[in-house]
Amino acid sequence: MVNARTIVGIVGNVVSFGLFLSPVATFWRIIRKKDVEEFHPYAYIAACLNCMFWILYGLPVVHPDSTLVITINAVGLALELIYLSIFCLYDRQKRGRRVVGLGILAEVIFVGVIAIITFLAFHTHTSRSMFVGILCDIFNIIMYASPLTIWHKVITTKSVEYMPFFLSLANFANGCIWTAYALIKLDIYILVSNGLGAILGFIQLVIYACYYKSTPKKGNDDDFVKPKPTEVQHSGAAMA
């Protein structure tokens, strides 16, 4: 019989999958224009590292009964790598290809070193979960806090043009669902980062509500829908 934690975890996987798909419009633009313009790969490289750490955390030898954590982050890692492949393919100036290549290589080495330390230096599930979980929390909190630059822009311009509502809502929902998942069978490491993520997501929605009416309305719908090259990009990564 499916228990409550599994049901909440499945819902969390669905919401997280939606977040991972959020950059699709950006990369469809890149494909259509056959140029990355001024978009940057850093957020997607960071998302790859986040996913890899949560996959390590969810391994049965590290933290048992975390299959749903592994599945969504494996899917997320695959999607982020696809996004980066598209970026490299259409990077006409080839300035970002070296960044992507070296970034992914460094991440694989880093996670590999952490995995070796985890398996050799720690010999219980509790100690391994603590070591990897703390690292996961650090990177997850960084990912959740990434919109802080957007908050400053919204407040100073009194415009939510660069703060997509549905992405903000999905971030809030993602934090809440994974917080609930962590509370059903206490998992302090999933709880800490996602609890903070839920709070940050709520603040973001409050900011959106405060400045929505003061946002200048565009006369041309195309200008309103299409993201500008200088817009801050979200990786869509908000993991368990």
What's the shortest heavy-atom distance between [X] and [Y], and which atoms?
| X | Y | value |
| --- | --- | --- |
| Phe122 | Arg128 | O-NE, 2.9 Å |
| Met52 | Val111 | CB-CG2, 4.0 Å |
| Val61 | His125 | O-CD2, 3.4 Å |
| Cys48 | Glu80 | SG-CB, 3.5 Å |
| Ile72 | Ser16 | CG1-CB, 3.5 Å |
| Leu68 | Ile10 | CD1-N, 3.8 Å |

For Leu120, the rest of its hydrophobic cluster, which grows through side-chain links under 4.5 angstrom: Ile116

Ser193/Trp178 under side-chain contact (heavy atoms from CB on, under 4.5 Å): CA gap, chis, key distance, verdict: CA-CA 9 Å; Ser193 59; Trp178 284 110; over 6 Å; no

side-chain contact (heavy atoms from CB on, under 4.5 Å) between Val160 and Tyr211, worked out: CA-CA 6 Å; Val160 296; Tyr211 292 100; 3.9 Å; yes

Aromatic plane relationship, Tyr83 with Phe27 - under 30° parallel, 30 to 60° tilted, over 60° perpendicular: parallel

Whether His40 and Tyr42 hold their rings parallel, tilted or perpendicular, with breakpoints at 30° and 60°: parallel

Taking side-chain hydrogen bond (donor to acceptor under 3.5 Å, both in side chains) as the definition, give me every residue that meets it alongside [X], ordered by chain and number, with sequence neighbours left out.
| X | result |
| --- | --- |
| Lys185 | Asp65 |
| Thr179 | none |
| Asp187 | Tyr57, His63 |
| Ser127 | Thr124 |

Between the side chain of [X] and the main-chain N/O of [Y], is any donor-acceptor distance below 3.5 Å?
| X | Y | answer |
| --- | --- | --- |
| Asn171 | Gly201 | no |
| Arg92 | Lys34 | yes |
| Asp91 | Phe87 | no |
| Ser129 | Val62 | yes |
| Asn194 | Ile190 | yes |
| Asn174 | Ala170 | no |

Non-hydrogen side-chain atoms of [X] and [Y] separated by less than 4.5 Å:
| X | Y | result |
| --- | --- | --- |
| Val206 | Cys210 | yes |
| Glu107 | Ile104 | yes |
| Ile134 | Met130 | yes |
| Ile31 | Ile86 | yes |
| Asn13 | Tyr181 | no |

Set of ring-ring contact (aromatic ring centres under 6.0 Å, His included) partners for Phe17, sequence neighbours left out: none

Residues in ring-ring contact (aromatic ring centres under 6.0 Å, His included) contact with Phe202, at least two apart in sequence or another chain: none

Working to the nearest 0.5 angstrom, can you tell me the gap between [X] [atom1] and [Y] [atom2]?
| X | Y | atom1 | atom2 | result |
| --- | --- | --- | --- | --- |
| Tyr44 | Leu84 | OH | CG | 9.0 Å |
| Leu59 | Leu56 | CG | CG | 5.5 Å |
| Leu77 | Ile70 | CG | CD1 | 12.5 Å |
| Ile55 | Asn50 | CD1 | CG | 10.5 Å |
| Leu19 | Leu79 | CG | CG | 11.5 Å |

Got a sec, which residues hit side-chain contact (heavy atoms from CB on, under 4.5 Å) with [X], two or more places apart in sequence or on another chain?
| X | answer |
| --- | --- |
| Ile199 | Ile203 |
| Leu135 | Phe53, Ile114, Phe131 |
| Ile177 | Val8, Val11, Val15 |
| Leu102 | Arg98 |

Heavy-atom neighbours of Tyr212 OH exceed 12 at 6.0 Å: no

Of all pairs that satisfy salt bridge (Lys or Arg N to Asp or Glu O under 4.0 Å), the ones with a partner from residues 40-50, not counting sequence neighbours: none

Same apolar cluster: Ile117 and Val108, side chain cutoff 4.5 Å: yes

Distance-only side-chain donor-acceptor flag, Ser66 / Trp54, under 3.5 Å: no

side-chain contact (heavy atoms from CB on, under 4.5 Å) between Leu49 and Ile45, intermediate numbers included: CA-CA 7 Å; Leu49 180 62; Ile45 296 173; over 6 Å; no

